[in-house]
Amino acid sequence: MDNETDVARVDPRQLPVTSFTESDLARIELVCSAGLIANRLRRYVQMLGEDQAQAGDYVRLAQIYQANDDLMEKALVAERVRGTSWDVLAEALGVAPEEVEKEWSGVEGRWRRESPATSVLRKDPGFFAATADTYITTGAPGRSGVGDGRPLSASLDAAAHVTGRDVAAADQAFAGAPVCAHCSR
């Protein structure tokens, strides 16, 4: 197995909903949100470049940038679910740990309370993972079907049993913990 993305032929739509971990769900949601924002920004740039704007469109459509708050929420949730400490997040954001925890811990708590009844992503995470894979490989978020590559799906914990990937080692490496007791890497 040289490369997980080359070896993994897992269709995330075929995986049981219960096989997706919280980390999987957070990453899928983050990728889908980023792809949606990227698509909106692409259309905004096209509108500006082709001078197709009506009066007020520059400002009206610039509200897209407010979606970055939503993206930040999803990014922070994904980091917390993966085990990133408030201290590390505070350093990345250039604020005090107490500030970041106070501002964002409610978002994390709300996300953890979501269920398939309250979240379409949790109801069908495989569909959203496949959509994200298509966007990553084609740049076309609305395109249906399965893309050639599966960069997100191949790295999901839900696919680990099919691909043989060591989820615990990946989590340790992300957290900065030694993966190999013999060589400290």
Side-chain angles (χ1 to χ4, degrees), residues 4 8 10-41 63-136 141-142 144 146 150-163 165-177 179:
E4 286 179 10
V10 179
D11 184 345
R13 295 172 295 187
Q14 302 303 314
L15 294 170
V17 171
T18 55
S19 67
F20 291 87
T21 65
E22 281 195 330
S23 180
D24 289 343
L25 295 172
R27 287 180 58 222
I28 293 166
E29 192 168 28
L30 179 57
V31 170
C32 288
S33 183
L36 182 62
I37 291 169
N39 192 46
R40 288 179 182 160
L41 288 174
Q63 288 178 334
I64 292 167
Y65 290 110
Q66 290 179 345
N68 288 338
D69 291 340
D70 183 54
L71 187 64
M72 179 60 84
E73 286 182 7
K74 287 175 177 42
L76 281 159
V77 166
E79 290 281 3
R80 290 292 297 155
V81 168
R82 291 181 82 177
T84 304
S85 71
W86 290 114
D87 290 337
V88 170
L89 294 173
E91 183 181 323
L93 295 171
V95 298
E98 302 78 31
E99 259 184 82
V100 74
E101 185 172 2
K102 182 181 176 185
E103 184 174 349
W104 298 103
S105 62
V107 171
E108 177 189 0
R110 281 190 303 279
W111 185 87
R112 289 185 185 277
R113 289 188 297 274
E114 287 182 349
S115 70
T118 61
S119 165
V120 293
L121 180 123
R122 289 181 186 245
K123 191 173 191 171
D124 193 0
F127 168 80
F128 288 96
T131 300
D133 282 335
T134 302
Y135 179 75
I136 292 167
S144 60
V146 179
R150 300 197 185 284
L152 176 64
S153 297
S155 67
L156 293 176
D157 297 341
H161 69 282
V162 177
T163 63
R165 185 169 54 84
D166 185 348
V167 176
D171 288 346
Q172 284 182 327
F174 178 80
V179 176

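Using a 4.5 Å cut-off on side-chain heavy atoms (C-beta onward), Glu73 and Trp104 make contact. In this structure, the side chains of Val31 and Phe128 stay at 4.5 Å or more apart for every pair of heavy atoms. A 4.5 Å side-chain heavy-atom check between Ile37 and Asp70 finds every atom pair outside the cut-off. The shortest distance between side-chain heavy atoms of Leu121 and Phe127 does not fall below 4.5 Å.
Here Thr18 pairs with Pro16 under the side chain to side chain contact (heavy atoms under 4.5 Å, CB included) rule; sequence neighbours left out. Applying the side chain to side chain contact (heavy atoms under 4.5 Å, CB included) criterion to Val81, with sequence neighbours excluded, gives Glu22, Ser23, Ala26, Val77, Trp111, Arg112. By the side chain to side chain donor-acceptor pair (under 3.5 Å) test, Arg122 pairs with no residue at all, sequence neighbours left out. Trp86 pairs by the side chain to side chain donor-acceptor pair (under 3.5 Å) definition with nothing, not counting sequence neighbours. Remark: Asp87 pairs with Ser85, Pro97 by the side chain to side chain contact (heavy atoms under 4.5 Å, CB included) rule, at least two apart or across chains.
Proximity of a side-chain donor or acceptor of Thr134 to a complementary backbone N or O of Ala130 within less than 3.5 Å is detected. Using a distance-only test at 3.5 Å, with no hydrogens or angles considered, a donor-acceptor pair links the side chain of Thr118 to the main chain of Ser115.
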Where do Leu76 and Val107 land on the side-chain contact (heavy atoms from CB on, under 4.5 Å) test, with the steps shown first?
CA-CA 9 Å; Leu76 281 159; Val107 171; over 6 Å; no

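With rounding to the nearest 0.5 Å, the separation of CG in Asp124 from CZ in Arg13 is 9.5 Å. Atom OG of Ser105 is separated from atom CZ of Arg110 by 9.0 Å, given to the nearest 0.5 angstrom. Atom CG of Leu30 and atom CE of Met72 lie 10.5 Å apart (nearest 0.5 Å). Rounding to the nearest 0.5 Å gives a distance of 15.0 Å between CD of Glu79 and NZ of Lys74. In this structure, CD1 in Ile28 is found 10.0 Å from OG1 in Thr131, a value given to the nearest 0.5 Å.
Screening residues 89-107 for salt bridge (Lys or Arg N to Asp or Glu O under 4.0 Å), with sequence neighbours left out, gives no hits.
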